[in-house]
Number of protein chains: 2
Amino acid sequence: MTTVISKATLQRLPVYLNCLKSAADTGEYVSATTLANRLGLGEVQVRKDLASICDAGKPKVGYLKKELIAVLENYLGADMNDAVLVGVGHLGTALLAYKGFEEYGFKIVAGFDVNPALIGTKVAGKQVFSVGEMDHIIRRLGIRIGIITLPKEYAQETADKLIGAGIRAIWNFSPAYITVPENIVVKNENMASSLAVLSKQLKEVTEAEK
Amino acid sequence: MTTVISKATLQRLPVYLNCLKSAADTGEYVSATTLANRLGLGEVQVRKDLASICDAGKPKVGYLKKELIAVLENYLGADMNDAVLVGVGHLGTALLAYKGFEEYGFKIVAGFDVNPALIGTKVAGKQVFSVGEMDHIIRRLGIRIGIITLPKEYAQETADKLIGAGIRAIWNFSPAYITVPENIVVKNENMASSLAVLSKQLKEVTEAEK
DNA sequence: TCGTATTCGATAAAATTTTATCGATAATTT
DNA sequence: AAATTATCGATAAAATTTTATCGAATACGA
């Protein structure tokens, strides 16, 4: 089954995979109903999402868990990409150490920083290089994804350097809005947006109780 | 203007605020067109979003920047909330130190950890307490939001403790899916989902070039 | 073996979100 | 002063996403 996969669905696929992998249940099969309950989603939605990447559901029992995991891994891993990270501060270190990525076919291969105390060391098993080496290392390895975990003052200039070195997609954790050429993909990670939603939901729930 | 504000709009409001605050432009007014271009959004969308919380746009020039910022701050800050964070590792530290939150009326007031080396110290100016003190501190301060930045093994038990202490909303950065009573709000922050979207976009752009 | 319960997949309906269009208005230019 | 231009706000259309419904298929228990 190879339908067009919507953005909303795409965001949920890693969630399904994670849920399947981390669930301690022993059954050979797993149903959309089960997944839906576990994740707090609609069962039809789950079924529809899964239908977009596989077609192995069996009535009454659901999906063969092993196969479903394989299909999800294959789909998500198909976009296997290596990335570099700039800014080995706390957030940068947290990301370098984050184990979840590799499960989804994603790997941060190196970090860059200006701090001499960090350069040459390994953080979470990943080598940290000087920012001055960024260009040639990215070129040599053919990396296409760059992660920015720097204070916002440095975000734009770093983005420019990354793009100059051949980076095609930037995952920006700084609150700066960076300007890039048309053909470069940027995803801004805005903590405050997430929080606004949480806060709003809390308010709604609280008010509903009155 | 007090329309119903959609979830999608709500997520963009902090983005507008951030953009307004960080932009180095000097003008007294700012137009939806300008914001849209800067953020890569549709101008009608921006206008519609803004219309849901204010009604001060002037033709030809746009919105009074100062007023727009005030309105946004007021709206977002209206849900002012204090939070505690459990798990003062790298990610936890990064969040404790993140300055962006306070701009949106949000404040992490304390951290909790089990590491004796951390307990009693301050991280980014925030006191770190023992997890054993969690219950009474949360109760005493009447905190309603808890942030979990722990390995997934501890996520569920921590969530239970937080809820027991009176927490009503949980922002979960661990990849575990936690089960909570109906009236508790949970927001799972899934890095892999963000990444999947970025990766997919990159793929699309790359393919479009062929 | 047969009936029942559960789940799937597909289709259709509803809801939400984004995008387009257009008249009105205020600043700017001629 | 009049024409032009940029922008707003509102309404309507289009697109997307979610939710509901229903027949078909399969396992399980009587």
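In the text below, chain A, chain B and the rest are named by the order of the sequence lines, each starting its count at 1.
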Exercise for review: Establish, with yes or no, whether the OP1 or OP2 oxygen of C:dC8 is under 4.0 angstrom from a side-chain nitrogen or oxygen of A:Arg47.
Suggested key: yes

Revision key, fill the gap. In whole angstroms, the gap separating P of C:dT17 from CD of A:Gln11 amounts to 14 Å

Exercise for review: Take atom CG of B:Asp55 and atom P of C:dA24, then tell me their distance rounded to the nearest Å.
Suggested key: 20 Å

Revision key, fill the gap. Against the side chain of A:Ala8, the closest entry in D:dC8, C:dC8, D:dT18 is D:dT18

Exercise for review: Look at the side chain of A:Lys58 and decide which nucleotide, out of D:dA27, C:dT19, D:dG9, has an atom nearest to it.
Suggested key: D:dA27

Practice item. In whole angstrom, give the distance that lies between atom CG of A:Asp49 and atom P of D:dT18. Key: 7 Å

Point to revise | Nearest-Å distance for atom pair CG/C1', residues A:Leu41 and D:dT18 | key: 11 Å

Check your understanding: Do A:Glu103 and A:Lys99 sit within salt-bridge range, that is, some charged N less than 4.0 Å from a carboxylate O?
Key -> no

**Study point:** Most 5' of B:Tyr29 and B:Gly42 on DNA chain C, judged by nearest nucleotide
**Key:** B:Gly42

Exercise for review: Find the distance A:Leu50:CG to C:dT7:P and express it as a whole number of Å.
Suggested key: 14 Å

Review point. Is A:Lys21 salt-bridged to A:Glu73, going by a charged N under 4.0 Å from an acidic O?
Key: yes

Review point. If you measure from the Lys or Arg side-chain nitrogens to the Asp or Glu carboxylate oxygens, is any gap between B:Arg12 and B:Asp49 under 4.0 Å?
Key: yes

Study note, to complete from the structure: Comparing A:Lys7 with B:Thr34, nearest DNA chain D nucleotide closer to 5' gives the residue B:Thr34

Practice item. Select one nucleotide: of D:dA27, C:dA27, D:dA10, the one nearest the side-chain heavy atoms of B:Val61. Key: C:dA27

Check your understanding: Quick one: B:Ile5 CD1 to C:dT16 P, roughly how many Å, whole number?
Key -> 15 Å

Review point. Is there a side-chain contact between B:Tyr75 and B:Ile5, using heavy atoms and a 4.5 Å cut-off?
Key: yes

Review point. Counting heavy atoms not belonging to A:Lys7, are there more than 12 under 6.0 Å from its NZ?
Key: no

Revision key, fill the gap. Separation of D:dA25 atom C1' from A:Tyr63 atom OH, nearest Å, is 13 Å

Exercise for review: Name the closest nucleotide to the B:Gln45 side chain, picking from C:dT25, C:dT19, D:dT17.
Suggested key: C:dT19

Check your understanding: Of all the choices, C:dA10, D:dA6, D:dA25, which nucleotide is nearest to the side chain of A:Val44 once you look at every atom?
Key -> C:dA10

Exercise for review: Return the value, rounded to whole Å, for the distance between atom CG of B:Leu64 and atom C1' of D:dT7.
Suggested key: 15 Å

Exercise for review: Could you check A:Lys48 against B:Thr33 and say which one's nearest nucleotide on DNA chain D is further toward the 5' end?
Suggested key: B:Thr33

Point to revise | A:Ser6 side chain, from C-beta outward: closest of D:dC8, D:dT17, C:dG9 | key: D:dT17

**Study point:** Given D:dT17, C:dT25, C:dT6, the nucleotide with the shortest approach to the side chain of A:Lys60
**Key:** C:dT6

Point to revise | N or O in side chain of A:Arg12 less than 4.0 angstrom from D:dT18 OP1/OP2 | key: yes

